[in-house]
Amino acid sequence: MSGLAAHLPALQVVVPLFAAPLCLLAGRAGLAWLIVFVASCLATATAAGLAYQTFQHGTLSYPLGGWAAPWGIEYVVDTANAFILLLVSAISTVVLMYAPASVDREIRQGRRHLFYCMFALCLTGLLGIAITGDAFNVFVFLEISSLSSYALIALGGHRKALTASFQYLVMGTIGATFFLIGVGLLYMMTGTLNMADLQARIPAIQDSRPVLAAFAFITVGLALKAALFPLHLWLPNAYAYAPNVVSAFIAATATKVSLYVLLRFTFTIFGAKFAFLDLPLHWVLLVPAVIAMFAGSFSAIFQRDVKRMLAYSSVAQIGYIVLGIALSSAAGVAAALIHIFNHGLMKAALFCALGCIFHRIGSVRLEAMAGLGREMPWTMAALVAGGFSLLGVPLTAGFISKWYLIEAAFEAGLWWLVVLVVLSSMLAVVYVWRLLEALYFKPVPEGRAAVAEAPLSMLLPTLLLAAANIYFGLDTRLPVEMAQSAATILIREQIW
Amino acid sequence: MLREILAHYNYWIVIVLMMTGFYIVVSRGNLVKKLVGLNIFQTSVFLLYISMGKVAGGSAPILDPDIKVYANPLPHVLILTAIVVGVATTALGLALVVRIREAYGTIEEDELDLMDDEA
């Protein structure tokens, strides 16, 4: 590899990072949008290039600034994080296509270029978390993405956005600080921050108390960031009151990246033997995951605000992903990764469709949305595709996730888990049905003027995401093959 | 036994500060006090890193033929980054508190919850 291709790992993070101050200098919304959009397109191309390179040459290592690991910060790209990078940057690009019309409607003039600046920083943070091979660097990028997402959420139109953002700030900071404590304890014991180096040095001292404490702090901190039940309290309000563009982007990517870090630490750095055989991580993750599946779906049923409904559904879906991780087999981790990808697609499609509705009627409450099915047929088609995918109806991406998850549970001999997955999906039927009922079978509320279809610039990206939900339900090669090969890379020691 | 406990006094300070900060975050309803608690919580972690880099009798890490033993500078550098992050978090948190005060007229959590439930 030569020239630019050799520096793709650095460019993956540097390009969006540079876009942020340029937005600030641009000062105008249109120009700022163009800068972030180009940066995001470049990031997607970079991620695709990196995925191709890992496919060709295996794991890539990039010493940042020429300082060799383990002293310098090393960026490591393998199939696992190339998969995450691809998801984050692709979702960001599609959401940005959708953004201008939505941002013009929801964010006050004079703040729009700042919005794009924060968006670029959030993207930088998420990509950085995924690509870095240095434990402390994860913390830095985690905070870059978190701080920018607190600001993005606070830009929501309703005043509750402010309290939601503050709550997220407090809980997010506690989560990140827990992670920092864990990394500090590991450094104390091993004298290194490089992930590969940590992996080599931990087994010798894994029974010492600081290492056990570090593992606990890191797991809890990341679970907080990933909104695993019962640490999900920040999530519903944050998603419900954020601007629609932000809900779509963060719901599809932010918690997923934290789950990826959890996978990396659990399976690669500490090792499955330590986490699942010496320590009871299996139950520690399984029980909250199952409760999340039910409690999230159950709370979603009672929401009248559809954004809040989808936010609670996210809590349940994170439960499914963590369930895959808790199975601790290659099949389980692959199922978790497949669902990370598919859930990103479905939540992005659904939140974008809701953004279209908000753009036209200024509300996403069930009663306000009554009878919209006839007036906004294309938006509704996207909403239905996303909703079916959420349920796991065959021929949608959601079905593929559930299929692999159930297969992994069977392989582990946990048939009762299969029953629980199916039962909790039934709960999802209830809330998705309530949504469809309102859209198609309820009369139009009195006094609502005729509603036009959403503008094309918003509709097309929404339909693109909805189509992706169906496409990846039919042609499953990309997510399934990448997830399966990623699972074998992540798990350094098989325990089953 | 007592010697061992006293020898690790830096960790005791860290733990006490950490729990104090955490308790303030959970128990106080005033948003500014919550941020103060969050700051104390973060500061305890800074101390954990800084004290772990100290080598007994070590000097500052300056290249000089007279200096044989020096403290590990890496945790100190790391924590500079974390301090910056902490400052940014506090600034953002306080900015949010100002906005909340403008929008609601109060920064007490129970009153905010009441107003949110009514809406």
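Within every chain, numbering begins at 1; the chains are lettered A, B, ... in the order of the sequence lines, protein sequences first and strands thereafter. The analysis underlying the following values was restricted to heavy atoms, covering all of them including side chains, and did not include hydrogens, waters or symmetry mates.
- Atom CZ of A:Arg365 sits in a crowded spot, with more than 12 heavy atoms from other residues, nucleotides or ligands closer than 6.0 Å.
- Of all the heavy atoms in A:Thr163 and B:Tyr104, the pair that sits closest is OG1-OH, 3.5 Å.
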Please test B:Glu102 against A:Leu162 for side-chain contact (heavy atoms from CB on, under 4.5 Å), starting from the C-alpha separation and ending with a verdict. CA-CA 11 Å; B:Glu102 282 169 4; A:Leu162 298 170; over 6 Å; no
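- Of the listed residues B:Leu35, B:Val84, B:Val25, B:Ile79, the one with more heavy-atom pairs under 4.5 angstrom with chain A than any other is B:Leu35.
- Looking at B:Thr81, the atoms closer than 4.5 Å to chain A (heavy atoms on both sides) all sit in the side chain, from C-beta outward.
- In this structure, the portions of B:Leu78 lying under 4.5 Å from any heavy atom of chain A include both its backbone and its side chain.
- Both the backbone and the side chain of A:Ile174 come within contact range of chain B, each with at least one heavy atom under 4.5 Å from a heavy atom of that chain.
- The distance from atom OG1 of B:Thr89 to atom CD of A:Glu143, rounded to the nearest 0.5 Å, is 5.0 Å.
- For the atom pair CG of B:Leu92 and CG of A:Leu147, the computed distance is 6.0 Å after rounding to the nearest 0.5 Å.
- Atom OG1 of B:Thr90 is separated from atom CG of A:Leu169 by 8.5 Å, given to the nearest 0.5 angstrom.
- In this structure, the portion of B:Leu112 lying under 4.5 Å from any heavy atom of chain A is its side chain and not its backbone.
- In this structure, A:Glu367 places its CD atom where more than 12 heavy-atom neighbours from other residues, nucleotides or ligands lie under 6.0 Å away.
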Starting from the C-alpha separation in whole Å, work towards a yes-or-no answer on side-chain contact (heavy atoms from CB on, under 4.5 Å) for B:Leu74 and A:Leu193. CA-CA 10 Å; B:Leu74 186 75; A:Leu193 291 165; 4.2 Å; yes
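- More than 12 heavy atoms of other residues, nucleotides or ligands lie within 6.0 Å of CZ in A:Arg304, so this atom counts as buried by the packing criterion.
- In this structure, chain A has no heavy atom under 4.5 Å from any part of B:Ala95.
- Around the OH atom of B:Tyr11, the shell of radius 6.0 Å holds more than 12 heavy atoms that belong to other residues, nucleotides or ligands.
- How far CZ of B:Arg99 is from CZ of A:Phe166: 14.0 Å, rounded to the nearest 0.5 Å.
- Atom CD1 of B:Ile100 sits about 7.5 Å away from atom OG of A:Ser165, to the nearest 0.5 Å.
- The contact between B:Phe22 and chain A is made entirely by side chain atoms (from C-beta outward), counting heavy-atom distances below 4.5 Å.
- Only the side chain of A:Phe136 comes within contact range of chain B, judged by heavy atoms closer than 4.5 Å.
- If you measure heavy-atom distances from B:Asp113 to chain A, you find no contacts under 4.5 Å at all.
- None of B:Val85, B:Val45, B:Leu38 except one satisfies the side chain to side chain contact (heavy atoms under 4.5 Å, CB included) rule with A:Thr177; the exception is B:Val45.
- Both the backbone and the side chain of A:Val170 come within less than 4.5 Å of a heavy atom in chain B.
- To the nearest 0.5 angstrom, B:Tyr49 atom OH is 8.0 Å from A:Leu185 atom CG.
- Chosen from B:Gly53, B:Ser44, B:Gly93, B:Gly37, the residue pairing most often with chain A at heavy-atom distances under 4.5 Å is B:Gly93.
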